[in-house]
*Asks:* 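Quick one: structure below, then a few questions.
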Amino acid sequence: MSVYTLTAKEITQKIFNKEPLFILDVRNEHDFKDWKIEGHYFEYLNVPYFDLLDGVEEILEKMPPNKEILVVCAKEGSSIMVADMLSEAGLTVAYLKGGMRAWSEHVEPIKVGDLKGGGEIYQFVRIGKGCLSYMVIANKEAVVIDATRMTDIYVDFSKEIGATITHVFDTHLHADHISGGRSLAEATKATYWLPEKDAKEVEFDYEPLEETVITIGNPDVSIQALYSPGHTIGSTSFIIDKQYLLSGDILFIDSIGRPDLAGMAEDWISDLRETLYKRYKELWDELIVLPAHFMLINELNEDGSVAKTLNTLFAKNHGLNIGDEREFKHLVINYLPPQPHAYQEIRETNMGKRNPDEEKQCEMEIGPNRCAIR
């Protein structure tokens with residue numbers, strides 16, 4: 001029959017639209033179990049490529065006759081060969097262009113809403129990694145928060161809408177992915193801000209982020225930094241235009257942040273609880289929470305965005321409803337997920353102590369989001 005390609009962007013739209021897809025993943029079993037493409041109505045078959053070198057006859061009966069079939073591997077090559085074999089056997093199949101590497105790096109911008117003071121806010125969904133970054137725009141001035149290392153997406157998007165990036169913020173020193181904040185600021189001549197308490201070991205210049213307030217484009221559009229430690233000692237949230245709470249890695253839709261990625265879990269649990277149960281509790285209920293990550297595909301809204309009001313999270317997020325402090329500490333310590341792949345190398349890269357090449361950066365980031373406790 002025939003073989004065609006599907007891009008990461010096209011698969012992302014299938015997830016947003018809740019379309020069905022059958023995925024034949026030909027990576028090894030460990031990699032598949034650790035991290036895969038997830039969709040509401042996706043089905044899976046994992047058969048390592050090396051088990052198919054002699055042919056695909058044994059898996060033909062497992063291929064659905066009435067569903068789109070996608071073959072996936074790490075970098076594309078193996079999936080093309082398996083797709084060709086399936087085509088020769090009479091099936092029409094697709095393969096993922098660029099493999100799981102492309103899936104890890106794809107970023108999709110979604111408009112979250114308009115700002116009361118004039119302007120708009122966009123969420124950039126890194127669907128395969130669970131990373132979320134943001135662009136706030138007012139009167140042709142833009143601010144980027146928690147940029148991924150794929151900085152071209154922000155530069156190109158700002159050009160499309162005719163805005164100039166003037167400020168770049170990181171909510172904390174990231175440990176699960178390589179920040180693009182500093183390189184984006186350098187490329188656009190913007191000011192780069194980082195929480196000073198997270199920056200004790202960094203080897204570059206930055207503006208110290210405390211409880212800073214800046215306005216952009218129009219003096220009515222404010223970006224207010226709120227000190228919110230717990231994930232890191234310097235973790236900082238942002239209140240945008242008194243409408244949105246960018247919670248960084250402190251609070252997610254269905255989980256809370258982990259405090260252990262700098263080896264300080266015991267010391268930072270109290271900070272985490274203080275932020276979640278006191279600092280956030282004192283904010284107004286109707287703030288729309290925009291986190292820096294999502295963990296599960298069902299955290300996505302119908303339009304693909306990840307957002308819920310603060311009062312909804314206080315009602316439904318288990319991590320916000322543990323009255324006993326000892327029980328809270330037990331949850332945090334005993335339900336920590338595995339640490340992110342190469343997280344120590346990533347932290348050192350974000351400090352400026354390492355300068356890995358592009359191939360190494362991709363390798364360091366491969367894998368799922370592991371910032372949450374659930």
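Here the structure is a predicted model, which means the values were calculated and not measured. When reading the values below, keep in mind they use all heavy atoms of this one structure, side chains included, and skip hydrogens, waters and symmetry mates.
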*Asks:* Does Glu141 reach the main-chain N or O of Thr166 with its side chain, forming a donor-acceptor pair under 3.5 Å?
*Replies:* no
*Asks:* Verify the distance criterion only: is there a donor paired with an acceptor across the side chains of Ser179 and Asn350 at less than 3.5 Å?
*Replies:* no
*Asks:* Hey, does Leu132 have a side-chain heavy atom less than 4.5 Å from the side chain of Leu290?
*Replies:* no
*Asks:* How are the rings of Tyr206 and Phe204 set relative to one another: parallel (under 30°), tilted (30 to 60°) or perpendicular (over 60°)?
*Replies:* perpendicular
*Asks:* Which atoms form the tightest heavy-atom contact between Ile322 and Gly319, and what is the distance?
*Replies:* CD1-CA, 4.4 Å
*Asks:* Test of understanding: clusters of I, L, V, M, F, W, Y form through side-chain heavy atoms closer than 4.5 Å, transitively. Do Trp103 and Ile297 belong to the same one?
*Replies:* yes
*Asks:* Do Val3 and Val93 make a side-chain contact, defined as non-hydrogen atoms from C-beta onward lying under 4.5 Å apart?
*Replies:* yes
*Asks:* State, with a plain yes or no, whether a side-chain heavy atom of Pro259 is found less than 4.5 Å away from one of Arg273.
*Replies:* no
*Asks:* What about Leu86 and Phe50, same hydrophobic cluster or not, with Ile/Leu/Val/Met/Phe/Trp/Tyr joined at side-chain heavy-atom distances under 4.5 Å?
*Replies:* yes
*Asks:* Report yes or no: does Glu299 contribute a side-chain atom to a donor-acceptor pair with the main-chain N or O of Met295 at less than 3.5 Å?
*Replies:* yes
*Asks:* Taking Asp31's backbone N and O only, do any of them form a donor-acceptor pair with Asn28's side chain (distance below 3.5 Å, no angle check)?
*Replies:* yes
*Asks:* Side chain of Ser228, backbone of Ser237: donor and acceptor closer than 3.5 Å?
*Replies:* yes
*Asks:* Are any of the side-chain heavy atoms of Arg126 and Ser104 separated by less than 4.5 Å?
*Replies:* yes
*Asks:* Quiz question: by atom type and distance under 3.5 Å, do the side chains of Ser305 and Gln123 form a donor-acceptor pair?
*Replies:* no
*Asks:* Check for a donor-acceptor pair, side chain of Ser222 on one end and backbone N or O of Gln224 on the other, with a separation under 3.5 Å.
*Replies:* no
*Asks:* Flag yes if Tyr4 and Phe22 sit in one hydrophobic cluster, no otherwise; membership is Ile, Leu, Val, Met, Phe, Trp, Tyr, and two members link when side-chain heavy atoms are under 4.5 Å apart.
*Replies:* no
*Asks:* Can you tell me if Glu365 uses its side chain to pair, donor with acceptor, with the backbone of Ile178 under 3.5 Å?
*Replies:* yes
*Asks:* Below 3.5 Å, can you tabulate the donor-acceptor pairs from side chains in residues 105-113 to any protein atom, sequence neighbours excluded?
*Replies:*
| residue | atom | partner | partner atom | Å |
| --- | --- | --- | --- | --- |
| Glu105 | OE2 | Arg149 | NH2 | 2.7 |
| His106 | NE2 | Glu108 | OE1 | 2.7 |
| Glu108 | OE1 | Lys9 | NZ | 3.3 |
| Glu108 | OE2 | Lys9 | NZ | 2.9 |
| Glu108 | OE2 | Gln13 | NE2 | 3.0 |
| Lys111 | NZ | Asp114 | OD1 | 2.8 |
| Lys111 | NZ | Glu120 | OE1 | 3.3 |

*Asks:* Using the rule given for side chain to side chain contact (heavy atoms under 4.5 Å, CB included), can you reason through Leu246 versus Ile240, listing the C-alpha separation, both sets of side-chain angles and the distance that settles it, and then say yes or no?
*Replies:* CA-CA 8 Å; Leu246 272 63; Ile240 310 295; 3.7 Å; yes
*Asks:* How close do Val155 and Ser158 get, heavy atom to heavy atom, and via which atoms?
*Replies:* O-OG, 2.8 Å
*Asks:* Looking at Leu184 and Ala147, what are the two nearest heavy atoms and their distance?
*Replies:* CD2-CB, 4.1 Å
*Asks:* Can you see whether Thr188 engages Tyr154 through a side-chain donor-acceptor pair at a distance of less than 3.5 angstrom?
*Replies:* no
*Asks:* For Ile253 and Val289, work out which heavy atoms get closest and say how close.
*Replies:* CD1-O, 4.4 Å
*Asks:* Is it the case that the ring center of Tyr244 lies less than 6.0 angstrom away from the ring center of Tyr134?
*Replies:* no
*Asks:* Could you state whether Ile23 and Tyr49 fall into the same hydrophobic cluster, counting links through intermediate Ile, Leu, Val, Met, Phe, Trp or Tyr residues with side-chain heavy atoms under 4.5 angstrom apart?
*Replies:* no
*Asks:* Would you find a donor on one side and an acceptor on the other, under 3.5 Å apart, between the side chain of Asp25 and the backbone of Asn46?
*Replies:* no
*Asks:* Is Thr309 close to Asp285 at the side-chain level, that is, under 4.5 Å between some pair of heavy atoms?
*Replies:* no
*Asks:* Of the non-hydrogen atoms in Ala372 and Ser255, which two are nearest, and what is the gap between them?
*Replies:* CB-OG, 3.2 Å
*Asks:* Thr151: which residues meet the side-chain hydrogen bond (donor to acceptor under 3.5 Å, both in side chains) condition with it, sequence neighbours left out?
*Replies:* none
*Asks:* Do Val144 and Phe157 come close enough that some side-chain heavy atom pair is under 4.5 Å?
*Replies:* no
*Asks:* Assess whether a salt bridge exists between Glu282 and Lys278, defined as any Lys/Arg side-chain N lying under 4.0 Å from an Asp/Glu carboxylate O.
*Replies:* yes
*Asks:* To the nearest 0.5 Å, how far apart are CD in Gln344 and CD1 in Ile346?
*Replies:* 10.0 Å
*Asks:* Calculate, to the nearest 0.5 Å, the distance between atoms NE2 and CD1 belonging to His167 and Ile145 respectively.
*Replies:* 11.0 Å
*Asks:* Does either side chain, that of Tyr192 or that of Asp205, offer a donor lying less than 3.5 Å from an acceptor on the other one?
*Replies:* no
*Asks:* Under the criterion side-chain hydrogen bond (donor to acceptor under 3.5 Å, both in side chains), which of Arg370, His293, Gln339 is the partner of Asp176?
*Replies:* His293
*Asks:* Has Asn17 got a side-chain atom pairing as donor or acceptor with Glu19's backbone, closer than 3.5 angstrom?
*Replies:* no
*Asks:* Going by side chain to side chain contact (heavy atoms under 4.5 Å, CB included), Leu276 matches just one of Leu313, Leu251, Asp271, Asn317. Which one?
*Replies:* Leu251
*Asks:* Verify side chain to side chain contact (heavy atoms under 4.5 Å, CB included) between Arg27 and Lys36, making sure each step is shown before the conclusion.
*Replies:* CA-CA 10 Å; Arg27 295 175 298 150; Lys36 63 180 182 289; 4.1 Å; yes
*Asks:* Could you tabulate the donor-acceptor pairs under 3.5 Å formed by side-chain atoms of residues 72-85, not counting sequence neighbours?
*Replies:*
| residue | atom | partner | partner atom | Å |
| --- | --- | --- | --- | --- |
| Lys75 | NZ | Glu359 | OE2 | 3.3 |
| Glu76 | OE1 | Gly98 | N | 2.8 |
| Ser79 | OG | Glu76 | O | 2.6 |

*Asks:* Honestly curious: do Leu96 and Val47 fall in one hydrophobic cluster under the side-chain, below-4.5 Å linking rule?
*Replies:* no
*Asks:* Does any N or O in the side chain of Arg258 come within less than 3.5 Å of the main-chain N or O of Leu336, such that one atom is a donor and the other an acceptor?
*Replies:* no
*Asks:* Given Phe294 and Val125, is the side chain to side chain contact (heavy atoms under 4.5 Å, CB included) satisfied, shown in steps?
*Replies:* CA-CA 9 Å; Phe294 68 93; Val125 180; 4.0 Å; yes
*Asks:* Do you see a donor-acceptor pair shorter than 3.5 Å between the side chains of Ser247 and Tyr280?
*Replies:* no
*Asks:* Of all heavy-atom pairs between Pro195 and Gly234, which one has the smallest distance, and what is that distance?
*Replies:* CB-O, 3.1 Å
*Asks:* Where does the angle between the aromatic ring planes of His174 and His177 fall among parallel (under 30°), tilted (30 to 60°) and perpendicular (over 60°)?
*Replies:* tilted
*Asks:* Test side chain to side chain contact (heavy atoms under 4.5 Å, CB included) on Lys360 and Asp357; report intermediate values, then the result.
*Replies:* CA-CA 5 Å; Lys360 180 62 176 176; Asp357 61 25; 3.2 Å; yes
*Asks:* Within the structure provided, determine whether Thr275 and Trp268 are in side-chain contact (heavy-atom separation under 4.5 Å).
*Replies:* no
*Asks:* Please find out if less than 6.0 Å separates the ring center of Phe328 from that of Tyr277.
*Replies:* yes
*Asks:* Going by the side chain to side chain contact (heavy atoms under 4.5 Å, CB included) test, name the single residue among Thr236, Ile250, Leu209, Asp249 that passes it with His172.
*Replies:* Asp249
*Asks:* Looking at Glu58, I want to see if its CD is surrounded by more than 12 non-hydrogen atoms of other residues, nucleotides or ligands under 6.0 Å.
*Replies:* no
*Asks:* Where the side chain of Lys14 meets the backbone of Leu21, is there a donor-acceptor pair that is under 3.5 Å apart?
*Replies:* no
*Asks:* Atom CG of Leu52 and atom CD1 of Ile59: how far apart are they, to the nearest 0.5 Å?
*Replies:* 5.0 Å
*Asks:* Report yes if the side chains of Glu38 and Tyr44 come closer than 4.5 Å at any heavy-atom pair, otherwise no.
*Replies:* yes
